Each structure stands twice: as C-alpha cells, then as structure tokens.
Amino acid sequence: MKIYFQKESFLVQENFEKFSKVNKASGSIISFVGKVRPITNNKEVIDIEIEIYKKMAIIQMKKIISMLMKKYKILDYLIIHRFGKVKPQENILLVIVASQHRKEGFRFIEDLVDWLKIKITFWKKENYLNDYEWVEQKITDRKIFLTKN
Amino acid sequence: MKIYFQKESFLVQENFEKFSKVNKASGSIISFVGKVRPITNNKEVIDIEIEIYKKMAIIQMKKIISMLMKKYKILDYLIIHRFGKVKPQENILLVIVASQHRKEGFRFIEDLVDWLKIKITFWKKENYLNDYEWVEQKITDRKIFLTKN
Amino acid sequence: MKILYFAKLRQHLGKSSDSIKISDGKKISDVINELKNKNGNYRRAFDQVKNLQYALNCEYVDIEQTVRDRDELAIFPPVTGG
Amino acid sequence: MKILYFAKLRQHLGKSSDSIKISDGKKISDVINELKNKNGNYRRAFDQVKNLQYALNCEYVDIEQTVRDRDELAIFPPVTGG
C-alpha cells in the first residue's frame, strides 16, 4: 500500500517483481503503465514537464484510495507518478494492484486511474521543437468525473 | 501479437520488458497475471493440473481476438497460458496489451480474460493433501458469457 | 468418428478418446446414447458429469447438432482456465 | 492569505504564489477580483486561463466559497496527470 510521487525515473519490471513477491498468495495482479507518447497532435514531443501540487496530490490520492478500498476488496497496491522532466517513451505512471479475484482488481485500477486524471494535482506541459503546449484535460476524462461525482 | 500455450513456467518481468521495448511508442500498457491461490475452499492446494484441448484452444482464441481487435484499437498483445502441473503462487496466465489510449486497453484485456474463462478449452484440477477436485466454472463467469453472447 | 473426452469426463471414462463408426446425419445426443449403451462405465460417466458441452471440429455446438463420420467431436465439462 | 498558482496560470503570472492580507468572510471570487485590480498582468492572466479550479487547504471548492486569512488557496487549470 505505497504511493510515490517522484522526480526519478523508475523501471516497471523491478517494481513488479518486488510487488509480486510480497503478494505471492493473491490470485490476480493487474498493472497499468502510462507513458509519454512521442507524437501528439502531429507534433514531435521533445519532452514533457510535469508540475505537481504535492501536498494536495497526497491528500486527494489518499481520499480516493480509501473510497475505492471500501468499494472493492483489494489486497495491496503500488502507485508511482513522476513529476519534472520526462522524455518520450518513458513511464509517467505505474499502478499495480493485487486482489483475490480479477474483477475487483480491474474495477479498482480503472477507477483509480480515472480519478487520478481528473482530481490529482499534476499538470503536463508538452515541449515541441519550436513551441510548447499545456495539455488540456480530455472531455472524455471529465465526463467520467461528472458521472462518478 | 503472440499467443503461447505452454507447459513451461514463465517470468512476468522478462516478458513485460521485451513487450515494453517493442511497444515503446504506445501510451498505455496494461497487464493481467492470474496465479494459483495457495488456499481454496479452506483447503491447502498442493498443485493444480491444467488440461488443454490445444487445437480448439488456438482456434477459439484467434476468433475471440479477431472479434476484440475489431471492437477496440489495440497496438499489440501477448498471451501466455500454461498447462500441465502448476504450483501455488506460480503464474498460470499472462496477458499484456499495448494501446494508444488506456480505455481501449482496459476493455480489451478485461473482455479477453472474461472470454478466456468461458470459451477457451482449459480445465483445472486442484490437488489437495488427501483428495482433489475438478474446478467448476464460476456462475459469475458464466453470467458474463450469457450477457456477451 | 473421432470422439475426444476432457477433464472430469475423460477421468470417469478412463480414456481420452474413442473411434467409432457413425452413419452421417445422427445427432450428438444419438451418439451419446450409443456410447451409454456400450457399458455401465460409459453410462455412469455420462450420468455423473454435469453440464457437458460439445464441440464439432473445434466449434461449440448444441447437443442436437447432426454429425458426420469424418467429424471430430469433443465432449467436456465447462472450461475453467485463466 | 497564501495563494498558490499552478501550471498555465503560474506561467502567465510569472510567479507561483502570493501572500496577501484578506478579511475573513470574503469569497474566492472577491479575492480574484482584488488580484485582477492589482495590475494588467494579473488581469490578463486570469482572463486568459480558462476553466480555473479552486482548492482551499487542499480540498476542491467552488468560486463562491468564503475564505479566511489563515487558509491556503490554490488556483489552477484542470489537472492533466496520469
């Protein structure tokens, strides 16, 4: 049950291995990795900068997780979200969840990522060769917010 | 786009690493690992034996995947399902899927595992200390079948 | 016709396949009745293993499906992989 | 009151925080009007960055929420992490 908001890059394999060892007895392990896409809006992304309001991000994350833990039977989770400069093809986000049964794991991880994208205080700026753009929240993500709120 | 039905055990990390390298440019990578639970029905599981009707399993798997590929935009997938003797805490099933956007990845992987559990010709026998039991298909899984069929 | 048995049914029958001569146009239910009339072992196995499913040449079919002698028929309980 | 700015708003303002004296009971909308009256830079920033959201002591609140001088107010565009 760990949450890391960190500047440093991370390897999925290492974290997955450690997590699996601790959760040997669980029937299902599901993971989600969000990465920087090399091309967006037909422009080549040089890198992205992720800004964080850390104090609020931690508080909101804990609230969301405690709400989801009441909803779904989960044995363990690990969340890593990077901030600062991140290059294309690098990982931004890792969520791993262990559960006895797959359905609750799937619901937990999908809900968590949905909430993360509309509640947790990170912001992305994409840097291109000659300009940049602050990423806008997707309407599809906002819709999830409205139906879930 | 690979499917393996194999007797040999496998490491998730290795497969994940290889898959991630090939799919560097995808925005989302989701994985599901199904493992042998050490206790079921309050009995300690010594090992399980997985029987396969391989020819049919391959045909049915390809059908399901081609149906799901039409439904969801997926960049790549890897499926490994073991048969033969498998010990508690070992992996039975690995599914990894790469997609541009997470939602289609989640739908694809969840649907695939649902279908796998009701269509693909594998059968599990659980061996306990003094007896054994053929696992029965879960009613919850069968319900998914009925709503999706 | 080649008939394959899997899992609990295979175990109860004590064999994983049969090869029997079938006149085209019979239904799977007819084939099973023929098997059950062979001996008590077949009868018990088919009576005890519930919810049997049928596949003809690797496609799920209904028990009322007609078969041909060159088909491969598989009989098994609901799958439990994954 | 401590006011924090993030992302596009921070960039347009050219600063990440302000510390201003506020009389208790004012609304966030009043605070923003006060800021906008400071100078053209604030006015432009608050006019240009759309769909601003507000958090009072790390909880999402509405623009009509009243504030106290000891609160921490954060103003930012919709989040885009993950």
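Residue numbers start from 1 in every chain, and the chains themselves are labelled A, B, ... in the order their sequence lines are given, proteins ahead of strands. Not measured: the values here are computed from a predicted model.
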Novice: Any idea which of B/L116, B/T121, B/I92, B/L93 has the most non-hydrogen atom pairs under 4.5 angstrom with chain C?
Specialist: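 The option with the most such pairs is B/T121.
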Novice: Please work out which of the three classes, parallel, tilted or perpendicular, describes the rings of B/W123 and C/F6, given edges at 30° and 60°.
Specialist: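 Parallel.
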Novice: Taking side chain as everything from C-beta outward and backbone as N, CA, C, O, which of these in B/I58 sits under 4.5 Å from a heavy atom of chain C? Side chain, backbone, both or neither.
Specialist: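 Contact with chain C: none, neither part.
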Novice: Quick one: pull up NZ in B/K54 and SG in C/C58 and give me the separation to the nearest 0.5 Å.
Specialist: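 It comes to 13.5 Å.
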Novice: At a 4.5 Å cut-off on heavy atoms, which part of B/V113 comes close to chain C: side chain, backbone, both, or neither?
Specialist: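 B/V113 has no heavy atom closer than 4.5 Å to chain C.
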Novice: Grab the two heavy atoms, one from B/K124 and one from C/G81, that are nearest each other, plus how far apart they are.
Specialist: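 So the minimum-distance heavy-atom pair works out to NZ-O, 3.7 Å.
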Novice: Tell me if the NZ atom of C/K38 is crowded by more than 12 foreign heavy atoms within 6.0 Å.
Specialist: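 Result for NZ/C/K38: enclosed.
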Novice: Using non-hydrogen atoms and a 4.5 Å limit, figure out which bit of C/Q11 sits close to chain B: side chain, backbone, both or neither.
Specialist: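 When you check distances to chain B, only side chain atoms of C/Q11 fall under 4.5 Å.
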Novice: For chain B, which of C/L4, C/N51, C/V79 has the most heavy-atom pairs under 4.5 Å?
Specialist: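 With the most close heavy-atom pairs to chain B, the winner is C/V79.
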Novice: Below 4.5 Å from any heavy atom of chain C, which atoms of B/Y132 appear? Answer side chain, backbone, both or neither.
Specialist: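 The answer is the side chain of B/Y132.
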Novice: Quick one: pull up CD in B/Q137 and CD in C/Q53 and give me the separation to the nearest 0.5 Å.
Specialist: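 Spacing of CD (B/Q137) from CD (C/Q53) equals 6.5 Å.
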Novice: What closest approach, in Å, do B/W134 and C/A7 show between heavy atoms, and which atom pair accounts for it?
Specialist: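 Taking B/W134 first and C/A7 second, the nearest heavy atoms are CH2-CA, 3.3 Å.
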Novice: What's the verdict on side-chain contact (heavy atoms from CB on, under 4.5 Å) for B/E51 and C/R10, showing C-alpha distance, side-chain angles and the deciding distance?
Specialist: CA-CA 10 Å; B/E51 193 168 324; C/R10 172 192 56 70; 2.7 Å; yes
Novice: Evaluate whether atom CD of B/E44 has more than 12 neighbouring non-hydrogen atoms of other residues, nucleotides or ligands under 6.0 angstrom away.
Specialist: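 Not buried by this count: 12 neighbours or fewer within 6.0 Å.
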Novice: Nearest 0.5 Å, please: how far is NZ in B/K55 from CG in C/N57?
Specialist: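 It is 7.5 Å, given to the nearest 0.5 Å.
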Novice: Evaluate whether atom NZ of B/K43 has more than 12 neighbouring non-hydrogen atoms of other residues, nucleotides or ligands under 6.0 angstrom away.
Specialist: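 Buried by this count: over 12 neighbours within 6.0 Å.
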Novice: For C/Y60 versus B/I118, what's the shortest heavy-atom pair and its separation?
Specialist: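 Smallest interatomic distance, heavy atoms only, reads OH-O, 3.9 Å.
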Novice: At their closest point, which heavy atom of B/M56 faces which heavy atom of C/A55, and how far apart are they?
Specialist: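 Heavy atoms only, the tightest pair is SD-CB, 3.3 Å.
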Novice: In terms of heavy-atom contacts, does CD of B/E136 have more than 12 from other residues, nucleotides or ligands at under 6.0 Å?
Specialist: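 At most 12 heavy atoms, drawn from other residues, nucleotides or ligands, come within 6.0 Å of this atom.
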Novice: Which atoms of B/I59 come close to chain C, meaning under 4.5 Å heavy atom to heavy atom: side chain ones, backbone ones, both, or neither?
Specialist: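 Just the side chain, heavy atoms under 4.5 Å.
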Novice: How far apart are the C-alpha atoms of C/K8 and B/K125, what are their side-chain angles, what is the distance that settles it, and do they pass the side-chain contact (heavy atoms from CB on, under 4.5 Å) test?
Specialist: CA-CA 9 Å; C/K8 202 179 195 170; B/K125 181 167 155 272; over 6 Å; no
